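All ligand and atom numbering here is 1-based and tracks the order in the structure. Just so we're clear, the structure is a prediction, and the values are computed from it rather than from any experiment. In this chain, numbering begins with 1 at the start of the sequence shown.
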Amino acid sequence: MTDEPIIYLNGDYLPLSRARVSPIDQGFLLGDGVFDVVSAWKGRIFKLDAHLDRFFDSIQAARLNHDMDREAWRDAIIETTRRNGLADASIRFIVTRGEPNSVVADPRDFTPTCIVWVAPYVFLADEEKRQTGIRLMISATRGFPADTLDPRYKCLDRLHSQLIRLEALEAGYDDALWLDHSGHVSESAASNLFIVKKGVLYTPSAGILRGITRETMLELATELDIPWRECALSAFDVYAADEVFTCSTAGGVLPVREVAGRTIRGATPGPITRAIDSAYWEMRESDRYATAL
Ligand SMILES: Cc1ncc(COP(=O)(O)O)c(C=O)c1O
């Protein structure tokens with residue numbers, strides 16, 4: 001890695017200390033922007049196309065008009081990662097509405113800010129917890145219903161995620177699950193949820209960010225002949241599960257050993273969690289879905 005991280009900012013590659021965003025950038029003032037996080041492992045970026053698809057869906061829905069097309073983003077992501085010399089990296093790309101072009105800030109009249117930030121790859125949990133499982137609470141904070149801020153926007157406005165993380169950490173848990181407004185389980189602050197019951201894999205179908213790792217879990221389950229279903233799940237389903245795990249770009253599969261004081265009955269990690277976890281890392285180390293650095 002170079003001495004200082006290199007940031008891509010609006011067409012330039014700059015050392016972090018020289019990369020400056022305006023204090024009146026709407027991303028900073030209002031959380032008005034979208035982002036995505038892809039990761040590299042052993043010199044391969046995983047599922048870059050799927051991440052770009054999701055990023056461009058958020059850009060389109062948030063009407064963030066900007067000049068960079070898909071190929072320009074792809075080039076900036078690869079080039080920033082190369083310049084940072086990291087084979088295992090967490091790569092965040094961001095577009096904000098940027099600075100207003102006029103005094104009266106009409107949201108259609110802005111110059112967007114485009115950023116790529118590459119950091120060493122981090123796992124959401126330490127090695128011990130990845131082996132023995134994490135503890136989840138059920139948060140008192142509900143997720144956004146789709147008719148307010150649809151959870152499919154991967155947007156900068158993450159105060160609600162911070163609130164549930166704070167709530168969980170203050171209560172001595174590792175993370176927390178959100179319920180949606182009908183009381184169904186949705187996801188955690190930065191991961192999707194899976195449970196296993198009698199050999200079948202289940203995951204919430206709505207009220208969630210469409211995680212790329214979640215999609216990969218379902219793909220792997222099909223390949224491993226593990227039956228799966230996307231459906232509404234209640235807290236009871238999670239308490240009574242044989243296996244529970246969360247998943248995200250930051251670390252893949254994370255086994256869960258306890259939810260809101262209920263110890264998960266099966267082994268942690270259980271056999272299906274283990275099978276999917278090892279297939280996931282095998283896929284990541286293969287050339288399938290890989291963009292070489
Ligand atoms: C709310 C939320 N759910 C799920 C995920 C997992 O998504 P992915 O697998 O694409 O990293 C994230 C990732 O940041 C997230 O913020």
Check your understanding: Nearest protein heavy-atom contact for atom 14 (O) of ligand 1: which residue, which atom, what distance?
Key -> Lys154 NZ, 2.8 Å

Practice item. Would you verify whether the NZ or CZ of Arg229 falls within 45 degrees of the ring axis of Tyr202 while also being under 6.0 Å from that six-membered ring's centre? Key: no

**Study point:** Contact check, Arg210 vs ligand 1, heavy-atom distance below 4.0 Å
**Key:** no

Exercise for review: With heavy atoms under 4.0 Å as the rule, classify the contact between Ser191 and ligand 1 as side chain, backbone, both or neither.
Suggested key: backbone

**Study point:** Pair Asp49 + Arg74: basic N to acidic O under 4.0 Å
**Key:** yes

Review point. Quick one: does Ala250 get an N or O within less than 3.5 Å of an N or O on ligand 1?
Key: no

Check your understanding: Would you say Ala189 contacts ligand 1, with heavy atoms under 4.0 Å as the rule?
Key -> yes

Revision key, fill the gap. shortest atom 9 (O) of ligand 1-to-protein heavy-atom contact is with Thr213 OG1, 2.5 Å

Exercise for review: Identify, for atom 16 (O) of ligand 1, the protein heavy atom at the shortest distance, and state residue, atom and that distance.
Suggested key: Arg158 NH1, 3.2 Å

Review point. Nearest protein heavy-atom contact for atom 11 (O) of ligand 1: which residue, which atom, what distance?
Key: Thr249 OG1, 2.6 Å

Review point. Tell me: protein heavy atom nearest atom 15 (C) of ligand 1, and distance?
Key: Ala190 CA, 3.4 Å

Revision key, fill the gap. of all protein heavy atoms, closest to atom 3 (N) of ligand 1 is Glu187 OE1, 2.7 Å

**Study point:** Nearest heavy atoms of Arg284 and Trp41, plus distance in Å
**Key:** NH2-CB, 3.5 Å

Practice item. Decide, yes or no, whether a salt bridge links Lys197 with Asp237 under the criterion of side-chain N to carboxylate O below 4.0 Å. Key: no

Review point. How many angstroms lie between CG in Asp175 and CG in Leu136, if you round to the nearest 0.5 Å?
Key: 6.0 Å

Check your understanding: When you check the gap from the basic side-chain N to the acidic O, do Arg83 and Glu4 get nearer than 4.0 Å?
Key -> no

Exercise for review: Mind listing the closest non-hydrogen atom pair of Ile94 and Trp73 along with its distance?
Suggested key: O-CH2, 3.3 Å

Check your understanding: Among the heavy atoms of Val37, does any lie under 4.0 Å from an atom of ligand 1?
Key -> no

Study note, to complete from the structure: Residue, atom and distance of the protein heavy atom nearest atom 7 (O) of ligand 1 read Gly211 CA, 3.5 Å

